[in-house]
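Read the structure below first, then the notes.
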Amino acid sequence: MRLGGYVLHRDNQDTLAPCLQGLLALCDEVVAMDSGSTDGSAELARSLGARSLSHAWRGYGAARVAAVNALAPCDYVFYLDSDESLEPGALDTLRAWKGSSPDADVYRLPRRDWAEMEGRRFLFRTQWRARLVRREKAVWHARHIVHEALPKMRGGRVQAPIDHRFATSVARRCAKEERYALLWALRAHFEQRRLKPVVLQRLAAWVRDGVLNGAVFRGGADASRLAWGVAGYHSIKYAYLRELRQGRYAKLARIYSEERYDELFARVREGRLD
């Protein structure tokens, strides 16, 4: 069985090496999709043995399409984000999976979101994510500008944890969640998704991550603040969606409809929303 691997990155030199080392230790071919790095990340990828390819940033979906197309014919695709890595035990488990003649369309792995704030590190949450996908089922679209989920598929689970550097400060994580919320709302606006109560969405997300998933018991007050900040995404995205329905952000909506995703990301990143 041939396994192709990839990572999308920009200026991620501080986390890219362990990410690529895990992919290279497991996969038959690894592609690193560089969306305009200036910190030496592309050179680092090449030095480690990955094939570095430049790709103008037009969103996550378009980048994933390009990455899969760039891989040589393979049976399955495995991918990590640039701030994720595999420990030796996870690699051993994945090697055993690779040699077991897998046949499901998708396999999900547990991703452990770690918070590193003010000199302490704690596990924020664990979520199962589809990361091993049969190549013909690894289908994304350019309109998947953010939260680019694959179609729902039945599959298996592999107990090979992915460690994710999720947050280094509440403020930076909240700023990222707000950008993602606006991008989600733009897509949801054109897909005519229904609105949901804003306040209830945030409270439910805080309870899920903070209490049910145990973050506050591991990280205390820091975890509670982080959980509340992250939960803001679930309310902000519907607030943005409501504003779009009312005619706000008309320029961004037009740019999205015209599929000028590179310009859309630049405007959102720079705060040019009108």
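Note that the coordinates shown come from a computational prediction; the quantities given were computed from them, not determined experimentally.
- When hydrophobic clusters are built by joining Ile, Leu, Val, Met, Phe, Trp and Tyr residues whose side-chain heavy atoms come closer than 4.5 Å, directly or via intermediates, W140 is grouped together with L183.
- Both the sub-6.0 Å distance and the 45° axial angle are satisfied by R173 relative to the ring of F166.
- Side-chain contact between R58 and F265: absent, with no pair of heavy atoms (C-beta onward) separated by less than 4.5 Å.
- One finds the CG atom of D105 at 6.5 Å from the CE atom of M153 (value rounded to the nearest 0.5 Å).
- Taking CZ of R187 as the start and CG of L182 as the end, the distance is 14.5 Å to the nearest 0.5 Å.
- Within 6.0 Å of atom CD in Q192, 12 or fewer heavy atoms from other residues, nucleotides or ligands are found, so the atom counts as exposed in its surroundings.
- No chain of hydrophobic side-chain contacts below 4.5 Å, direct or via other Ile, Leu, Val, Met, Phe, Trp or Tyr residues, connects L20 to M33.
- Taking the centre and axis of the six-membered ring of W128, the NZ or CZ atom of R157 falls inside the cone set by 45° and 6.0 Å.
- Under 4.0 Å is where a charged nitrogen must lie from a carboxylate oxygen, and between R2 and D75 no such pair does.
- H141 and V65 get closest at one heavy-atom pair: N-CG2, 4.1 Å.
- Seen from the ring of W57, R10 does not count as a face-on cation partner, given the 6.0 Å and 45° thresholds.
- S37 places no side-chain N or O within 3.5 Å of a backbone atom of D34 that could act as its donor or acceptor partner.
- In this structure, E191 places its CD atom where more than 12 heavy-atom neighbours from other residues, nucleotides or ligands lie under 6.0 Å away.
- Between H147 and the options W184, Y233, Y60, a side chain to side chain donor-acceptor pair (under 3.5 Å) holds for only Y233.
- In this structure, a donor-acceptor pair under 3.5 Å is present between the side chains of S82 and N12.
- Side-chain polar atoms of D83 and H164 form a donor-acceptor pair below 3.5 angstrom.
- Using cut-offs of 30° and 60° on the angle between ring planes, the pair Y240 and Y249 is perpendicular.
- For CZ of R112, the number of neighbouring non-hydrogen atoms (other residues, nucleotides, ligands) closer than 6.0 Å is greater than 12.
- For the residue pair H144 and R64, no side-chain donor N or O sits within less than 3.5 Å of a side-chain acceptor on the partner.
- Both L273 and Y238 sit in one connected hydrophobic cluster of ILVMFWY residues. Membership requires side-chain heavy atoms under 4.5 Å apart, directly or through other members.
- Counting all heavy atoms, side chain and backbone alike, K98 lies closest to P102 at O-CD, 4.0 Å.
- The minimum heavy-atom distance linking R135 with V68 is given by the pair NH2-O, 3.0 Å.
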### Message
The test is salt bridge (charged side-chain N to carboxylate O under 4.0 Å, His left out); show your working for D14 and R165 and say whether it passes.
### Response
CA-CA 11 Å; D14 58 335; R165 191 182 186 187; 3.0 Å; yes
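- In summary, the aromatic rings of W97 and F78 are positioned with their centroids too far apart to meet the 6.0 Å limit.
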